[in-house]
Student: 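To start, I am sharing the structure in question, which I have written as structure tokens.
Everything numeric here is computed off the predicted structure, so don't read it as measured data. So you know, we letter chains A, B, ... as the sequences are listed, proteins then strands, and number each from 1.
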Amino acid sequence: MTTAAAITREECRTRLATIAGAERVVSTGETVTVAASDVEQIAEILRFANSNGIAVTPCGSGTKQSWGNAVEAGILLDLSRMNKLREHAWQDMTCTVEAGCTWTVMQAELAHHGQMVALDPLWPERATVGGMVAANDGGCLRLKYGSLRDLIIGMTVVLADGTIAKTGGKVVKNVAGYDLHKLMTGSFGTLGVISEVNFRLHPLESNTQTWTAVAPEPFQFEHALRGLLDSQLTPSSVQLRLSETECELDIKISAPAECMDEHSAKLSKICGVMELSPSDETVWQARQELHDTANAVVLKISTLPSDLCLLCSELQDWAAKKGMEIAVVAQANGLVTAALKTAPDAAIALIDHLRERLRKVGGSVVALQVPGPLRSTLDVWGCESNALPLMKEIKRRFDPNRILNPGRFVGNI
Amino acid sequence: MLPQGHIEELRAAVGTDGLITGESQLQTYECDGLTNFRVMPGAVVLPRTAAEVQAVVRVCARHKIPFVSRGAGTGLSGGALPSAGGVVISLARMNRILEVNIADKYVVVEPGVINAHVTQRVAPQGYFYAPDPSSQSVCTIGGNVAENSGGAHCLKYGFTVTHTLALEVVLPNGEIVQLGSPTLDAPGYDLAGVFVGSEGTLGVTTKVTLRIVKRPEVVQTLLAAFDSPQAAGQTVSDIIAARMLPSALEIMDTLAIEAAEAAVHANYPMCGGLLLVELDGPGSEVDALMRQVLEICRNNGAQETRLAQSEAERMLVWKGRKAAFAAMGRISPNYIVQDGVIPRTALPRVLSEIDRMATAVGLRVANVFHAGDGNLHPLVLYDRSIDGQEEKALDLSYRILHLCVDNGGSITGEHGVGKEKQEALGYMFSEPDLDTMQLIRCAFDPANISNPDKVFPRTRLCGDKPGPYTPHPLETAGIAEIF
């Protein structure tokens, strides 16, 4: 157990049982798991951990606990009991949801009024809102609706010292005070524990159509992709899927039924000689399938949209040359997921090469999922920002005793 | 006043032609668009490069001189109001568009670039820069970043933060950092997201990478005349309930219509509540949705609906709307522009309450608002020459903000907190909320010199304990002072 003060695991367990109830506390190895049922309990648990120097890892369903650097937590703060959609102001198109609510449960409730949070995360049946926000996850819908941070209008956060702070509000437009929720989004639980999130909502995409084109080489999509992004069509999602031998371009459009034929015709014109065939919605599961690949190193690569086809070609060539298995899903906005099955040294070599290559466009490579011991030897984040000292200072101010996911994030924050 | 030695250091940083110290010239900078607050700065500098900004900030950091950066000075909450004897960093000379990248949909600009010039630059390629505050023909991108400016189209397109990919910033200690990246999701905390809207309290922006958007195929603008703003408000709710996301939904009441008509002759129908609906997107989609909108308007008792028939007509409709604030001068000697937000559904009851409150104190309030996102701009009309009326008007405008918060809203949707609404921020957020925000401020600016005494309701030094004000140890020791 990571404790600075002299406190035994048993004492920790006893204290947590007093806060949350004995039935909510479980010991596994050196870690004590406690399931909080409300924000006050979170605050009390954190106050206890903070004053005893015990490392805490907040956790929803744990789908992304393998992302980032490994943390040896004394307390695993389980938020899965805080799982309610607390408010759905459907006429205002906003909602407030507890951090432990799974994505699918939330979306199902919002759908009663034809609304959604316009985001498609990984493992929606299991992933919780808090975990998703902490990890800044999101899929292809981002092209049309923007990133997760743009959909969050407020948040309740518990700081390491037990302070319960609200940020933002429940209205879509609001510039009062600092946007703490932007800082929290993607901070991997290193600054505070997210207990509640307010989202702005969008109408459900009620009528959608997906098309797919196939080509042997990614660069053959260059013209179509550029044309599509430069067009006045507003596709919901566009992705390139790449295996060692084949490449596919998927396009999804949401529009009133009476407009779909016209959009389809425009799409065909943009794609020129490429043949577009209607395809199944399951193609949008491709990113998740890469994350589910057993024993694969999964990279999140960020580049400029205009670089996508070239980058995909290079990945294909690199894999062929080095004899590695690679599968890629590249979103049109420049975010690429790549799953590699190869020896650790070969993975590191590719990551180093990509980081060097992407430096000139300000791109990045994060090794999101790294199997086995490679996780502790690899620089999973590759953060080269000259603002890293400032980030460390923010961490120091928010969590001076370094109890919240210590070491998990960039620069071992 | 600044000591001569500090003035000379500033001169060394920006050159003689980049330094203003003469009293009459300094007066130009004593306020921004919120003219009832005025403070004389000690000096104004006009740097031309990030290196010069850095040199100025280093002088300020060395001597603990408060500074505020300033663009066109169009802000309406006193965000660019100087500290007494402090330094104003005018970014007006840093006004170059440095890069246009159509393939990747971004531009890189200096902070003094005027908002509308970004769109002008990329319009030939069919693109535009989406945030469009009413002052867009004069306000600058640096100011937009500081205030997280919105405009009429943020319901669909978002705010400045939505369109800011990266920033170059001079921190209050003089270091230059890059926040964000032209590519998405750079590893680390989203500091660009935090910096946008921080109202100059976290540092000085010296370069901004902005997202640009493809101009939609078709834009249609509809005017619908109703008996009351409430009926127009109900129409907005019904449009949203019909799963539409118009690019703009604006409402003006009779007083606002009268003023706008007097100013720009927009040919608005005279009515109790005028609704402006703008839809954009692929032509066939817009046609289909506009038919639905027309039906919803009729169902809510619209006396008249009028679809702009040409781009010129559409521009005139918007000219009237955007001129509405300034037009108040036509119907009232003085007025206060207020900026609050409420949940859209609270619109009818909040409007009725504002009406009641205004009547009770014998004042008129004109209403112009971005109805789609619940952003109200009540304009409190008064006559300064009548004894006591200005105080009454100010009091009413602050009580309207409290009303917004009481209805689950916010004290500002786009004008910022600045100097004007510091105390109101304390009405909206609790002490722990504000203390948490202070953690960010102190990480960026531990010496509290970057636009100090703004935004937060109570002046604090970093290291202060939450609770009632107590002098900071540094202050007691005479090493620091509360600016």
Student: With the side chain counted from C-beta on, respond yes when A:Tyr178 and B:Thr436 share a heavy-atom pair under 4.5 Å apart, and no when they do not.
Tutor: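 Not touching, per the 4.5 Å side-chain cut-off.
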Student: Chain A heavy atoms under 4.5 Å from B:Tyr106: which part of the residue, side chain, backbone, both or neither?
Tutor: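 Side chain only.
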Student: When you compare the side chains of B:Ser284 and A:Glu262, does any donor N or O come within less than 3.5 Å of an acceptor on the partner?
Tutor: yes
Student: Heavy-atom distances under 4.5 Å only: say whether B:Ile176 touches chain A with side chain, backbone, both or neither.
Tutor: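 Just its backbone gets close to chain A.
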Student: Let's test your reading of the structure: which of A:Gly192, A:Ser302, A:Ser147, A:Pro256 forms the most heavy-atom pairs below 4.5 Å with chain B?
Tutor: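 When all of A:Gly192, A:Ser302, A:Ser147, A:Pro256 are compared, A:Ser302 has the most.
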Student: According to salt bridge (charged side-chain N to carboxylate O under 4.0 Å, His left out), does anything in residues 148-161 of chain B pair up with another residue at least two apart or in another chain? List the pairs.
Tutor: B:Lys156-B:Asp280
Student: Go through B:Leu171, B:Asn148, B:Thr162, B:Val455 and name the one with the most non-hydrogen pairs under 4.5 angstrom from chain A.
Tutor: B:Thr162
Student: Please identify each residue that fulfils salt bridge (charged side-chain N to carboxylate O under 4.0 Å, His left out) with A:Glu87, with sequence neighbours left out.
Tutor: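 For A:Glu87 the salt bridge (charged side-chain N to carboxylate O under 4.0 Å, His left out) partners, ignoring immediate neighbours, are A:Lys170.
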Student: Check this for me: A:Lys300, atom NZ, are more than 12 non-hydrogen atoms of other residues, nucleotides or ligands nearer than 6.0 Å?
Tutor: yes
Student: Checking heavy atoms, do the side chain of B:Glu147, its backbone, both or neither come under 4.5 Å from chain A?
Tutor: backbone
Student: Could you pull out the closest heavy-atom pair between A:Gly177 and B:Leu425, with the gap in Å?
Tutor: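 Where A:Gly177 meets B:Leu425 most closely, the heavy atoms are N-CD1, 3.7 Å.
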Student: Can you say whether A:Phe409 sits under 4.5 Å from chain B via the side chain, the backbone, both, or neither, judging by heavy atoms?
Tutor: side chain
Student: Please classify the contact between B:Met428 and chain A as side chain, backbone, both or neither, with a heavy-atom cut-off of under 4.5 Å.
Tutor: side chain
Student: Can you tell me if B:Glu414 uses its side chain to pair, donor with acceptor, with the backbone of A:Val175 under 3.5 Å?
Tutor: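 No: the side chain of B:Glu414 does not pair with the backbone of A:Val175.
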Student: Below 4.5 Å from any heavy atom of chain A, which atoms of B:Pro432 appear? Answer side chain, backbone, both or neither.
Tutor: both
Student: Check whether any side-chain heavy atom of B:Leu245 sits under 4.5 Å from a side-chain heavy atom of A:His202, and report yes or no.
Tutor: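 Yes, at least one pair of side-chain atoms sits under 4.5 Å.
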Student: Chain A heavy atoms under 4.5 Å from B:Leu191: which part of the residue, side chain, backbone, both or neither?
Tutor: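 For B:Leu191, side-chain heavy atoms alone lie under 4.5 Å from chain A.
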Student: If you take all heavy atoms of B:Ala241 and A:Trp90, which pair is closest and at what distance?
Tutor: CB-CZ3, 4.0 Å
Student: If you count heavy-atom pairs under 4.5 Å with chain B, which of A:Thr185, A:Asn333, A:Leu204 comes out on top?
Tutor: A:Asn333
Student: How long is the span from the OG atom in A:Ser385 to the CD atom in B:Gln178, to the nearest 0.5 Å?
Tutor: 8.0 Å
Student: Work out which heavy atom in A:Asp92 is nearest to a heavy atom in B:Pro343; give both atom names and the distance.
Tutor: OD2-CB, 3.3 Å
Student: So for B:His415, is it side chain, backbone, both, or neither that comes closer than 4.5 Å to the heavy atoms of chain A?
Tutor: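 Backbone only.
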Student: Evaluate the side-chain proximity of A:Leu390 to B:Tyr189: yes if any heavy-atom separation is below 4.5 Å, no if none is.
Tutor: no
Student: Exactly one of A:Lys182, A:His181, A:Arg149 should register a side chain to side chain donor-acceptor pair (under 3.5 Å) with B:Asp190. Which one does?
Tutor: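 Checked A:Lys182, A:His181, A:Arg149 against B:Asp190; only one passes side chain to side chain donor-acceptor pair (under 3.5 Å): A:Arg149.
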Student: Is there a donor-acceptor pair under 3.5 Å between the side chain of A:Lys173 and the backbone N or O of B:Asp373?
Tutor: no
Student: Does any non-hydrogen side-chain atom of A:Leu335 lie less than 4.5 Å from one of B:Asp185?
Tutor: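 Yes; the side chains approach each other to less than 4.5 Å.
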Student: Report which part of B:Val169 has an atom under 4.5 Å of a heavy atom belonging to chain A: side chain, backbone, both, or neither.
Tutor: neither
Student: Could you check whether atom CZ of A:Arg86 has more than 12 heavy atoms from other residues, nucleotides or ligands sitting under 6.0 Å from it?
Tutor: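 No.
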Student: Side chain, backbone, both or neither: which part of A:Ile164 has a non-hydrogen atom closer than 4.5 Å to chain B?
Tutor: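 Only the backbone of A:Ile164 comes within 4.5 Å of chain B.
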Student: Flag the one option from B:Pro187, B:Ala103, B:Ala424 with the top tally of heavy-atom pairs under 4.5 Å to chain A.
Tutor: B:Pro187
Student: Do A:Leu180 and B:Ile440 come close enough that some side-chain heavy atom pair is under 4.5 Å?
Tutor: yes
Student: Taking A:Gly362's backbone N and O only, do any of them form a donor-acceptor pair with B:Ser181's side chain (distance below 3.5 Å, no angle check)?
Tutor: yes
Student: Between A:Asp179, A:Asn174, A:Asp150, which has the largest tally of heavy atom pairs under 4.5 Å with chain B?
Tutor: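 Ranked by heavy-atom pairs under 4.5 Å with chain B, first place is A:Asn174.
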Student: Looking at A:Thr163, A:Leu183, A:Val365, which makes the most heavy-atom pairs under 4.5 Å with chain B?
Tutor: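 It is A:Leu183.
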Student: Go through A:Arg396, A:His113, A:Lys266 and name the one with the most non-hydrogen pairs under 4.5 angstrom from chain B.
Tutor: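 Going by pairs under 4.5 Å, I would pick A:Lys266.
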Student: Determine, stepwise, if the pair A:Leu159 / B:Leu439 fulfils side-chain contact (heavy atoms from CB on, under 4.5 Å).
Tutor: CA-CA 11 Å; A:Leu159 305 191; B:Leu439 296 174; 3.7 Å; yes
Student: Looking at CE of B:Met437 and OG1 of A:Thr167, how far apart are the two atoms once the value is rounded to the nearest 0.5 Å?
Tutor: 5.5 Å
Student: Between B:Lys105 and A:Ser306, is any pair of side-chain heavy atoms under 4.5 Å apart?
Tutor: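 Result no, sub-4.5 Å side-chain heavy-atom pair not found.
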Student: Just so I understand: if I count every heavy-atom pair under 4.5 Å between each of A:Arg142, A:Lys395, A:Lys392 and chain B, which residue has the most?
Tutor: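 Result: the option with the highest number of such pairs is A:Arg142.
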Student: Can you give me the closest heavy-atom contact between A:Ser364 and B:Ala186, atom names plus distance?
Tutor: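 Heavy atoms of A:Ser364 and B:Ala186 come nearest at OG-CA, 4.3 Å.
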Student: What are the two closest non-hydrogen atoms of B:Met244 and A:Pro203, and how far apart are they?
Tutor: N-CG, 4.3 Å
Student: Measure distances from B:Leu179 to the heavy atoms of chain A and classify the residue's part below 4.5 Å as side chain, backbone, both or neither.
Tutor: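 Just its side chain gets close to chain A.
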Student: Give the member of B:Asp104, B:Thr412, B:Ile411 that has the highest number of heavy-atom pairs under 4.5 Å with chain A.
Tutor: B:Asp104
Student: Any non-hydrogen side-chain atom of A:His263 less than 4.5 Å from a side-chain atom of B:Pro282?
Tutor: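 When only atoms from C-beta onward are counted, B:Pro282 and A:His263 do touch, with a gap below 4.5 Å.
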Student: What distance do A:Gln331 atom CD and B:Leu184 atom CG have between them, rounded to the nearest 0.5 Å?
Tutor: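 Going from the CD atom of A:Gln331 to the CG atom of B:Leu184 covers 9.0 Å.
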Student: Check whether A:Glu258 gets within reach of chain B through its side chain, its backbone, both or neither, counting any heavy atom under 4.5 Å.
Tutor: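 When you check distances to chain B, only side chain atoms of A:Glu258 fall under 4.5 Å.
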Student: If you measure from the Lys or Arg side-chain nitrogens to the Asp or Glu carboxylate oxygens, is any gap between B:Arg243 and A:Glu205 under 4.0 Å?
Tutor: no
Student: Where does B:Ile342 contact chain A at under 4.5 Å (heavy atoms): side chain, backbone, both or neither?
Tutor: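 For B:Ile342, backbone heavy atoms alone lie under 4.5 Å from chain A.
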Student: Could you check if a side-chain atom of A:Met260 sits within less than 4.5 angstrom of a side-chain atom of B:Glu285, using non-hydrogen atoms only?
Tutor: no
Student: Can you tell which of B:Asp339, B:Val161, B:Val196, B:Ile102 has the highest number of heavy-atom pairs within less than 4.5 Å of chain A?
Tutor: B:Val161
Student: Calculate, to the nearest 0.5 Å, the distance between atoms CD1 and CG belonging to B:Ile240 and A:Leu201 respectively.
Tutor: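 B:Ile240 CD1 to A:Leu201 CG: 11.5 Å, rounded to 0.5 Å.
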Student: From B:Lys214 NZ over to A:Leu229 CG, what is the distance, rounded to the nearest 0.5 angstrom?
Tutor: 10.5 Å
